[in-house]
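Proteins come first, then strands; the chains are lettered A, B, ... in the order of their sequence lines, and each starts at number 1.
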Number of protein chains: 2
Amino acid sequence: MNVRTLCLGILTFKEASGYEIKKMVEEDVFGHFIDASYGSIYPALTKMMAEGLVNVRAEEQAGKPDKKVYAITPFGRQELAAALLVDPAKDKFKSEFMFQIMLQEFLPKEHVAQIYQSQIEYLRDEIEKIRCCVGDHQVNHPSMSFVAGFGEASLGAGLKFLEDNRAQILGDETPSLTLVDGTLDHNKDQIEGQSKDQKNA
Amino acid sequence: MNVRTLCLGILTFKEASGYEIKKMVEEDVFGHFIDASYGSIYPALTKMMAEGLVNVRAEEQAGKPDKKVYAITPFGRQELAAALLVDPAKDKFKSEFMFQIMLQEFLPKEHVAQIYQSQIEYLRDEIEKIRCCVGDHQVNHPSMSFVAGFGEASLGAGLKFLEDNRAQILGDETPSLTLVDGTLDHNKDQIEGQSKDQKNA
DNA sequence: GTGAACATGTAACAAGTTACATGATTGA
DNA sequence: TCAATCATGTAACTTGTTACATGTTCAC
């Protein structure tokens, strides 16, 4: 699936400028399973404009530069439906973090501890982001809330695994802090971390 | 992270040919968080050979064509350690399936039902693959089993979500088949699918 | 008056994929 | 003999990213 289809899909939810599409891909529910940069979004929009898949309207904004608001046309919807009909490519999950963990013996202990903590915080942030979407934003769309639920479930399980199995990688030198709660069932090392430097930008 | 580092990392576990590296990336625990094709592996290996990061040994095989077995050199390990020291890029999860679900209203019901079932089967296969790795293969490496555990946890949660929330997307017209087991706790629609056509190659 | 957020766009570049090209060997 | 698996390699091509280039308005 290409940026074209991606933009077309987003535009079915609401009209948006290239800038706004990029923001959605970064922050909204979309962000968990798609990706795109300005360098691909703007040219795609321009080209689709020429092909009649979208139309533009210049919008003046008080206190902000003008923006070009794109909307999908009936022809665009047709194209989208066709593009959507091909069987989806299988999921692709890339994790440099996991690669580093796999090769942790080549890394200084402190580095491993640091990326481990960063990963936990990153996952917490992502989950929080999804919850925000479901809360304040309009994820009224049933499909949207389904997708959000899926993301929360997957990321949540991953996070829990990292929290529970910390000792497996980091040894028992867990930061001496308070336990999350009293309901420990088996071999838990649940520790609430405190650092705040999120290095993976 | 590039294919170079990927190959170097894999070669720390065992010597391998380009063909074997590709197979590992497809089938082993690696497969869940990295990706590479022949077209990138072979050139990377050749280049690293010239740079002294790996060395080769031609191995004759009974009943099979000869293969070029690559091994990492001390210099290669040095390079790997350096490459590993940079903070990992954040995880990237791409799912065309989720994109299609989000836009399901543009798709025929049957298509949605079909990709939904395919996705469930795909996830089951992936989890099974991980379990096989842990079982027969040597995932003796503690880091390996950790990574496998993480994959199993994440994928398992995603699969469970799909199984439990089928009705949200597909409605209640679940195929009339036998329930998986009797231990239903809350709102489960766990159905054992029977189709076998896995379309996402 | 300076940095941050808003806003659009392009061109050079990186990186890897696909398809092609080749060839051995085995088993149905 | 034909498909499948093993095995290596290259070149054209896609695709998208990064960095650059430019400009507005606001808040501190």
Whole angstroms only, please: what is the NZ-P distance between A:K23 and C:dA7?
10 Å
Between A:K129 and A:E126, is there a salt bridge with N-O shorter than 4.0 Å?
yes
Quick one: what's the B/S/- string for nucleotides 9-20 of chain C, heavy-atom cutoff under 4.0 Å, read 5' to 3'?
BB-----SBB--
Whether the side chain of B:E121 engages the backbone of B:S118 through a donor-acceptor N/O pair (distance < 3.5 Å, no angle test) should be reported.
no
Just the rounded figure in Å: distance from P of D:dA7 to CZ of B:R57.
13 Å
d(CD1, A:I34; P, D:dT17) in whole Å:
12 Å
Once you round it to whole Å, what is the distance between C1' of C:dA7 and CD of A:Q61?
9 Å
Atom CG of B:L45 to atom C1' of D:dA7: distance rounded to whole Å?
13 Å
Tell me: CD of A:E26 to P of D:dT17, nearest whole Å?
11 Å
Atom NZ of B:K22 and atom P of D:dT8 are separated, to the nearest Å, by 14 Å
Should the heavy atoms of other residues, nucleotides or ligands under 6.0 Å from NZ of B:K92 be counted, would the total exceed 12?
no
Is the shortest side-chain heavy-atom distance between A:I72 and A:L53 below 4.5 Å?
no
Could you tell me whether the side chains of A:R166 and A:Q117 share a donor-acceptor contact shorter than 3.5 Å?
yes
Whether B:Y116 side chain and B:L162 backbone form a donor-acceptor pair below 3.5 Å
yes
Hey, does the side chain of B:Y19 come within less than 4.0 Å of D:dT8's phosphate (OP1/OP2), counting only N and O?
no
B:M48 CE to D:dT8 C1', in whole Å, measures 16 Å
